[in-house]
Each structure stands twice: as C-alpha cells, then as structure tokens.
Amino acid sequence: MKKKIWPIVMFASATVMILYSCDKDEARGTATMSVRLHDLPIEADSVKVEILDVLIHTDEDGWVGLN
C-alpha cells in the first residue's frame, strides 16, 4: 500500500505555524513559511519525520533558532 508523504509534511507545517503563533506578545506583522521535501514514491507502513531545528531570519539578527 502506497502512502504519500504530503499529508505528513502538511501536518508538520501546520504544527510549526500553530506553535509559533501561540506567542502572547503584540502582533509582529506577516511572515512567509515554505517547507520542501520530496523523495521517490515508496511502499511503507509508516513514515516518521523528526524536526531538529526551526530557524527564522530577521534583518537585524540574521538566522535565529526558535526555542
């Protein structure tokens, strides 16, 4: 049975956006997020994705890791 990895990527993207938007500080404007992941189709029972780091880029600080 072929399982597509796209739903996993969408879930990971939504999770990161939700966690980042939970900040109680005042609004900070807009942001753009892109996630790219592709591989050859495989037959698998499950796929695990581990996110090791999330970085944001600001004009003032450059690339900064999120807690």
Side-chain angles (χ1 to χ4, degrees):
M1 177 164 130
K2 291 184 180 179
K3 291 192 177 191
K4 296 185 180 189
I5 198 160
W6 182 246
I8 295 169
V9 172
M10 291 302 296
F11 176 77
S13 299
T15 302
V16 169
M17 288 189 298
I18 289 168
L19 291 175
Y20 185 70
S21 68
C22 291
D23 195 4
K24 300 285 184 197
D25 294 340
E26 61 185 70
R28 291 173 264 182
T30 61
T32 301
M33 179 179 159
S34 65
V35 175
R36 294 185 182 124
L37 176 68
H38 62 96
D39 197 357
L40 297 174
I42 61 168
E43 290 189 27
D45 293 329
S46 66
V47 175
K48 295 183 180 182
V49 177
E50 180 179 3
I51 299 172
L52 299 176
D53 199 6
V54 177
L55 302 172
I56 60 169
H57 186 272
T58 64
D59 292 333
E60 300 159 357
D61 300 325
W63 288 101
V64 178
L66 296 178
N67 293 333

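Sequential numbering from 1 along the given sequence is applied to the chain's residues. Keep in mind that the numbers below use all heavy atoms, side chains included, and drop hydrogens, waters and symmetry copies. None of the values given here were measured: they were computed from a predicted structure.
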Check your understanding: Who else is in the cluster with L55 when I, L, V, M, F, W and Y are joined by side-chain contacts under 4.5 Å?
Key -> W63

Point to revise | Non-hydrogen atoms of I51 and V54 that approach each other most closely | key: CG2-CG2, 3.9 Å

Review point. So does D53 have more than 12 non-hydrogen atoms from other groups sitting under 6.0 Å from CG?
Key: yes

